Structures are given as C-alpha cells and as structure tokens.
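Just below is one structure, and these are the notes that go with it.
Every chain is numbered from 1 and lettered A, B, ... according to where its sequence line falls, protein lines coming before strand lines. If you're wondering where the values come from, they're calculated on a predicted model, not measured in any experiment.
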2 protein chains.
Amino acid sequence: MNSRLAVATHILTFIETLAGQPATSELIASSVNTNPTLIRRLLSQLAKAGLTTSQMGSGGGALLARPADQITLRDVYGAIDDDGEVFALHDQPNPQCPVGRNINAVLKTRIAAAQQALRDELAKTTIADMAHDVAAQNLLAAKA
Amino acid sequence: MNSRLAVATHILTFIETLAGQPATSELIASSVNTNPTLIRRLLSQLAKAGLTTSQMGSGGGALLARPADQITLRDVYGAIDDDGEVFALHDQPNPQCPVGRNINAVLKTRIAAAQQALRDELAKTTIADMAHDVAAQNLLAAKA
DNA sequence: CATATATGTATCCATATCTGTTACAGATAT
DNA sequence: ATATCTGTAACAGATATGGATACATATATG
C-alpha cells in the first residue's frame with residue numbers, strides 16, 4: 001500500500017507538536033524525510049478536508065484548523081483517500097453466469113462492512129493521542 | 001486498490017456452487033470474465049494457503065480443500081495478500097526529529113489495530129454465506 | 001502407449017499508481 | 001522591492017496490476 005495515511009498523520013502530529021507556530025512544508029519535509037512538494041500536495045488535501053489551514057508568504061506555514069483532539073485518523077484517511085476503497089470489485093463479471101451475475105452485489109456489502117470496521121477503528125485515535133504517544137516515547141528514551 | 005480479494009472470493013464461490021464437480025480455470029475465467037492464467041495464479045495462492053486443491057489432467061480442475069462454511073473472507077485475504085498491509089509506513093523518517101524518531105512506532109500499533117478490525121469483520125463471512133447470498137439473489141431475480 | 005486435457009509457472013507488455021524532482025505563478029510579511 | 005512560502009503543473013523513475021502467450025508437467029482415456 002501507499003504511505004499517504006502515514007505521512008499525513010505525521011504532518012498533523014508534527015504541526016500539533018509545534019503548538020501554534022506555523023509549520024513550513026520544508027520543515028515538515030525534513031521531519032518526514034521527503035521533499036516539500038509531497039508535503040504541500042498532502043497539505044492541500046488536508047486543507048480541502050478542513051483539517052488544516054495554510055498561510056502563504058513569509059512567516060507562513062500550516063496550522064491545524066481545529067483542536068488536535070477533534071481530528072481522528074478516520075478524518076485523515078477520508079481526506080487523503082479519494083474513494084476510500086481498500087478493495088476493488090472486478091469489472092464486468094459474466095452476466096450470463098449465475099455467480100458472475102450477482103457476485104459483485106453480494107461482495108459489495110461485505111466489503112463495505114469491513115471497510116466500515118477499519119474506519120471505526122481509525123476513529124478511535126486522534127492527533128492529540130498521536131502527539132501524546134510520541135512525547136511519551138521521547139520521555140521513555142530520555143530515561144533509558 | 002486491486003481486485004484480487006474480489007476475484008479470489010468469486011473463484012471460491014464459483015467452485016462451491018459447482019457442488020463437488022472440479023472447476024477448470026477456463027470455466028472460472030469465463031464467469032469472472034478474465035483469462036485463465038490469472039485464475040490459475042490466484043488458485044495457486046489459494047492452494048498454498050490450504051483453501052483449494054487442484055487436479056491436473058483431463059477431467060481435472062479445482063476443488064475446495066475444506067467445507068465452504070469453514071473458509072472465511074479473512075482466510076481468502078490472508079491467502080492472496082502477501083504482507084497483509086493495508087497501509088504502509090513511510091521509510092526512514094528523520095531520526096533527529098522528536099516526531100520523526102517515534103512516529104512509526106506509534107503509528108504501527110494504531111494501524112495494526114485498524115487492520116485487525118478489518119480482518120475480524122472479514123472473518124464473519126464464509127464462502128458458504130457467499131454462495132447462499134448469490135443463490136438468493138438469483139431466486140429474487142427469477143420471481144421478478 | 002499415444003493423445004487430449006488441464007495445471008503450474010515463466011515471461012512479456014500496457015497501463016496505472018506512487019514517489020521524488022524541478023519549475024513557476026501567486027500571496028504575504030518586512 | 002524583496003525574500004519567503006504556498007499551490008499546482010509537469011515530468012521521470014520505480015513498482016504494481018491485469019492481460020496475453022508459451023511451454024513443461026501431470027493425468028484420464030481410448
């Protein structure tokens with residue numbers, strides 16, 4: 001799979017840890033270890049979904065559009081995944097076959113249920129949780 | 001996403017509806033509306049996972065290796081998906097950044113939970129369910 | 001035994017997706 | 001004015017996917 005959910009979550013968690021200071025795409029990119037364009041592409045999608053806002057120009061950057069405890073990984077997934085389909089159906093099964101004629105209708109509901117379960121689980125984690133867990137990891141490492 | 005889970009489920013459901021008669025890759029391919037090689041590739045994976053058996057030669061074909069009510073969509077997913085990862089992490093975040101250093105460890109558990117929820121939901125559906133639902137759809141259509 | 005049938009697998013190809021990169025117009029602070 | 005920063009287009013390389021051909025191997029049947 002692609003790593004866009006991971007990178008988008010990284011971006012948001014990073015912005016949250018800056019505690020209100022605007023994050024430039026270059027700064028975020030150095031944390032993710034990729035290039036600023038990829039970050040801006042994802043930020044563009046996050047902004048369209050209402051999760052972030054960006055300020056152009058000097059001193060600008062990205063901020064969270066709402067509190068970190070009100071942004072879940074489900075929101076992130078919804079923002080970066082256009083169709084939200086983990087599994088695809090096969091195009092045009094044979095309509096002359098009793099199985100081919102109906103398989104997609106039957107599969108569709110089962111797959112939808114599975115994807116719903118995935119989203120429900122993602123909804124349990126907020127960006128605030130992520131930032132908290134990352135901070136806790138750092139404390140652990142500092143003590144060791 | 002790819003449609004391998006859909007096609008593999010189609011294959012197994014098709015075999016089940018044949019009720020013990022071996023299904024050739026060509027016959028299955030005509031129901032799925034693809035080519036026999038793709039079917040054989042997937043059957044090869046299903047056989048390795050212990051879900052089907054195949055008989056070479058004249059009169060041969062594929063059979064279920066165990067009763068249809070003992071094969072779940074989770075089994076199918078496990079058979080056709082090599083790593084079973086819906087989401088990937090991003091390679092090598094910046095270890096010098098407090099966020100980059102820990103994001104993957106934190107994300108990993110959250111993503112694993114989501115994928116587990118997906119698999120648990122898939123486990124609720126068996127190939128017997130699929131065959132039953134497909135048959136029910138045909139009855140409905142016949143009455144209409 | 002010879003033949004037809006069918007699987008298992010390798011190889012090739014076209015297309016799509018993903019990630020990284022460069023480039024540049026537009027917005028904004030100083 | 002100028003430097004900074006976003007938004008987006010365009011392009012390239014790598015990988016995944018689905019489709020197609022080919023052929024060695026296994027097996028039932030006459």
Side-chain angles (χ1 to χ4, degrees), chain A residues 1-8 10-11 15 18 21-30 32-49 51-63 65 79-94, chain B residues 1-8 10-11 15 18 21-30 32-49 51-63 65 79-94:
Chain A
M1 262 313 282
N2 67 51
S3 62
R4 277 189 294 206
L5 176 65
V7 175
H10 187 152
I11 290 172
I15 294 174
L18 284 196
Q21 184 185 342
T24 67
S25 61
E26 187 161 2
L27 190 59
I28 301 172
S30 82
V32 175
N33 196 22
T34 181
N35 65 85
T37 299
L38 177 61
I39 301 298
R40 292 206 289 267
R41 274 205 287 246
L42 285 169
L43 273 174
S44 172
Q45 293 189 267
L46 294 173
K48 273 172 191 152
L51 304 184
T52 62
T53 57
S54 284
Q55 192 74 11
M56 285 179 156
S58 184
L63 296 170
I80 54 119
D81 201 274
D82 301 323
D83 54 3
E85 302 292 334
V86 175
F87 302 118
L89 298 177
H90 186 76
D91 285 346
Q92 306 181 318
N94 187 344
Chain B
M1 262 311 281
N2 68 50
S3 61
R4 278 189 293 208
L5 176 66
V7 175
H10 187 151
I11 290 172
I15 295 175
L18 285 196
Q21 183 185 342
T24 69
S25 62
E26 187 161 1
L27 190 58
I28 301 172
S30 82
V32 176
N33 196 20
T34 181
N35 66 83
T37 300
L38 177 62
I39 300 299
R40 292 206 290 267
R41 273 204 289 246
L42 285 169
L43 273 173
S44 172
Q45 293 188 267
L46 294 173
K48 272 172 191 151
L51 304 184
T52 61
T53 58
S54 283
Q55 191 74 11
M56 283 180 156
S58 184
L63 295 170
I80 53 118
D81 201 274
D82 301 324
D83 53 4
E85 302 294 335
V86 175
F87 303 118
L89 298 177
H90 187 77
D91 286 346
Q92 306 180 318
N94 188 343

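Contact annotation: B/T37 side-chain N/O to C/dT9 OP1/OP2 distance is not under 4.0 Å. Using a 4.0 Å cut-off, some side-chain N or O of A/S44 falls inside it from OP1 or OP2 of D/dT8. The side chain of A/T34 contributes an N or O atom lying less than 4.0 Å from OP1 or OP2 of C/dG20.
Remark: P of C/dC18 and CG of A/D81 are 9 Å apart, rounded to the nearest angstrom. Rounded to whole Å, the distance from CZ on B/R40 to P on D/dG18 is 17 Å. Rounded to an integer number of Å, the gap from A/N2 CG to C/dA16 P is 18 Å. What separates CD of B/Q55 from P of C/dA6 is a distance of 12 Å, to the nearest Å. Taking atom NE2 on A/H90 and atom P on D/dT17, their separation rounds to 15 Å, with Å as the unit. Summarising the geometry, the separation between CD1 on B/I28 and P on C/dG8 is reported as 11 Å, rounded to the nearest angstrom. The CD1-P distance, from B/I39 to D/dG19, rounds to 9 Å in whole Å. In this entry the distance linking CZ of B/R4 with C1' of D/dT17 reads 7 Å, nearest Å.
A donor-acceptor pair under 3.5 Å is formed between the side chain of A/T24 and the backbone N or O of A/L27.
On a pure distance criterion of 3.5 Å, no polar donor-acceptor pair joins the side chain of B/T24 and the base of C/dT5. Judged by distance alone with a 3.5 Å cut-off, a donor-acceptor contact links the side chain of A/R41 to the base of C/dG20.
Put simply, CD1 on A/I28 and CG on A/L18 are 8.0 Å apart, with the number rounded to the nearest 0.5 Å. Annotation: the span from B/I11 atom CD1 to B/I39 atom CD1 amounts to 4.0 Å, rounded to 0.5 Å. Here the CZ atom belonging to B/R41 is positioned 8.5 Å from the OG1 atom belonging to B/T34, to the nearest 0.5 angstrom.
Nearest to the side-chain atoms of A/M56 among the listed nucleotides C/dT19, C/dG26, C/dT22 stands C/dG26. In the set C/dG26, C/dG20, C/dT22, the nucleotide with an atom closest to the side chain of A/L38 is C/dG20. The nucleotide whose nearest atom lies closest to any side-chain atom of A/S25 is, among D/dT6, D/dG19, C/dA29, D/dT6. For A/K48, counting side-chain heavy atoms from C-beta on, the closest listed nucleotide (D/dG18, D/dT8, D/dA20) is D/dT8.
The two residues A/P22 and A/G59 have their closest heavy-atom pair at CG-O, 3.8 Å. Annotation for B/Q45 and B/A79: closest pair NE2-O, 3.7 Å, computed over non-hydrogen atoms. Shortest non-hydrogen contact noted between A/N94 and B/N33 is N-CB, 4.0 Å.
As judged by a 4.0 angstrom heavy-atom cut-off over every strand, A/A23 is placed among residues touching the sugar-phosphate backbone only. Heavy atoms of A/S54 sit under 4.0 angstrom from primed sugar atoms or phosphate atoms, though from no base atom.
More than 12 heavy-atom neighbours from other residues, nucleotides or ligands sit within 6.0 angstrom of CD on B/E85.
Where pairing requires Watson-Crick or G-U contacts shorter than 3.5 Å, the helical stems of DNA chain C with at least three consecutive pairs are C:1-30 with D:1-30.
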